[in-house]
Structure formats: C-alpha cells, structure tokens
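Remember, it's 1-based here, ligands and their atoms both numbered in the order they're listed.
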Amino acid sequence: MADATSVLHVSPVIPVVTIDDPQHAVPVARALADGGIRIIELTLRTESALTSLKLIANEVPDILVGAGTVVTPGQADAAVAAGAQFLVSPGVTPALLRHMLTLNIPVLPGVATVGEVMAVLESGLDAMKFFPAGPAGGPKYLAAIGAPIPQVQFCPTGGISLASAPDYLKLPNVSCVGGSWLTPRDAVESNDWGRITELAREAAGIGQLREP
Ligand code: 3PG
C-alpha cells in the first residue's frame, strides 16, 4: 500500500476530476493515463461519483484513483468500499480525521492555516492538501509555512493553472499540485479525449522543478 507521501510523488499534477455521467469515467482516466498522468482525485460531488470511482478502480489499473471532497466519515467508508486508493478532504474536523486514519489507506487532509497544519501533524501525518491554495495565500503563504514547519509536504489545490503550477512546484514543501484544468467539463461532455490527453501531457511535462 502506498503512503500519503508517495501519493504526492506519482505525478506533478493530481487532476481533480468531477464526472456526471459514469460512462465518461473510464475514457477520462485512460485519456489522462495516455498523457502520462497516473493519478486522479475523483470528487464525490455528483450522485454517481461512487459508480465512476468503482469503474476507474476496476478498469484502469495504471491509474491510482482516490476520492476527493470527502467531508463525512460515511463518505470515506463509501469511497473505500468503491475502491478508492486514497482519500482527500477539503478541510478537517477531528472526527473526520480520526475516522479516515482507521481506514488503512493514504489520507491527504485539507488544511489552510498554520493551526490546521499543526493539528494534522499531531495526528501523525506530514502530507496534506493545501486548499484553497490561491485564495488562501498562494506560493508566498506556503513558503512562509515552510519556515517554521519544514517537515510537511503539500499538494496545493484550488485556483491553480498550468501557468501558475511552476510557482508552487519550485517550493521545497510542495511535491505536486492539484487542479481541475486537465478535465474541462466541455471536453468531457463532448467526449474530446484527445484534448484531455493533450492537457495531461502538458501537465506531466512540468516535471519536478526542484531536487527531490
Ligand atoms: C478541489 O476540490 O480541489 C478544487 O475544486 C479544485 O480547484 P480548481 O477547480 O480551482 O482547480
């Protein structure tokens, strides 16, 4: 089983994917994999999200698929039952964090303040999602957190684009970034898998911008 730190090192960008029609799930995942992206955070924001999660987990073995937008313990359980290989939450509560830690898969809790980072660190985790990255302060804010708390690695997500990703990826406390720009809704709905592969290829090409 991967740990949360290794989840952050699968690809330079974790696509945050929202799928309405489960028929799109496998083609979207394959299109991303064809472009060199090996990981998906599938959001639990649609009614059929768990069906899509299950399809990707079963049919696209070269993609590590996790559940995003996990806000309740029940959602975490349902995601694990559907085959989620890791869990991502936009923020944390003590009850949600405690529960996710019992599930034996990697967990990336969302944090946006220094106090939240410290609380998650106390639970034994040192890999976190920084959300919403842009509105919460962007690369400057993350660089500032890295001074007193250098031991935490982040996946900043929220308001990041291909153009702004390098500003995050060059920071010593950023292992990857997340974003929804790789799977635009119009491309998914028009079955434009070639465009998604192209966006994935560009994102995969950002590469590692600092020494590991
Ligand atoms: C998330 O859930 O992580 C965000 O909705 C993704 O943010 P973005 O759409 O600004 O990339």
Side-chain angles (χ1 to χ4, degrees), residues 4 7-8 10-20 24-25 28-29 31-32 35 37-50 52-53 56 63-72 75-76 78-79 82 84-93 96-97 100 106-113 116-117 120 125 127-142 152-169 171 173-189 195-196 198-204 206:
V7 169
L8 296 190
V10 174
S11 292
V13 180
I14 299 181
V16 177
V17 179
T18 299
I19 291 182
D20 289 305
H24 293 145
V28 165
L32 289 166
I37 294 287
R38 304 282 174 209
I39 186 165
I40 288 178
E41 176 191 331
L42 188 79
T43 71
L44 301 184
R45 288 180 211 174
T46 59
E47 274 185 22
S48 56
L50 291 171
S52 295
L53 182 60
I56 296 170
I63 284 266
L64 191 72
V65 61
T69 327
V70 174
V71 294
T72 67
Q75 282 180 316
Q85 291 158 296
F86 63 97
L87 299 175
V88 187
S89 65
V92 273
T93 66
L96 178 62
L97 187 56
M100 290 198 297
V107 169
L108 291 174
V111 293
T113 68
E116 289 165 5
V117 173
V120 172
L125 298 181
M128 306 174 201
K129 167 168 172 159
F130 177 60
F131 178 80
K140 278 190 183 160
Y141 189 93
L142 271 176
V152 175
Q153 283 295 309
F154 294 98
C155 175
T157 307
I160 300 179
S161 63
L162 181 71
S164 63
D167 294 338
Y168 290 93
L169 287 164
L171 297 174
N173 58 351
V174 171
S175 301
C176 64
V177 300
S180 60
W181 83 86
L182 284 72
T183 51
R185 190 158 279 219
D186 62 326
V188 175
E189 272 159 21
R195 182 162 163 226
I196 291 174
E198 192 43 45
L199 289 163
R201 193 169 284 130
E202 279 175 352
I206 299 173

So, do F130 and Y141 have ring centers that fall under 6.0 Å from each other?
yes
Report yes or no: does S48 contribute a side-chain atom to a donor-acceptor pair with the main-chain N or O of D20 at less than 3.5 Å?
yes
Results of side chain to side chain donor-acceptor pair (under 3.5 Å) for S161 - residues two or more places apart only
S164
Is a salt bridge present between R195 and E198, judged by a nitrogen-to-oxygen distance below 4.0 Å?
no
Identify the two heavy atoms, one from I160 and one from W181, that lie closest to each other, and give their separation to 0.1 Å.
O-CE3, 3.2 Å
Please produce the table of protein N or O atoms sitting under 3.5 Å from N or O atoms belonging to ligand 1, one pair a line, distance to 0.1 Å.
unit_1   : atom_1 : unit_2 : atom_2 : d
ligand 1 : 2 (O)  : R45    : NH2    : 2.2
ligand 1 : 3 (O)  : K129   : NZ     : 2.7
ligand 1 : 5 (O)  : R45    : NH1    : 3.4
ligand 1 : 5 (O)  : R45    : NH2    : 3.3
ligand 1 : 9 (O)  : S180   : OG     : 2.5
ligand 1 : 10 (O) : G159   : N      : 2.7
ligand 1 : 11 (O) : S180   : N      : 2.9
ligand 1 : 11 (O) : S180   : OG     : 3.2

Between the side chains of R45 and T18, does any donor sit under 3.5 Å from an acceptor?
no
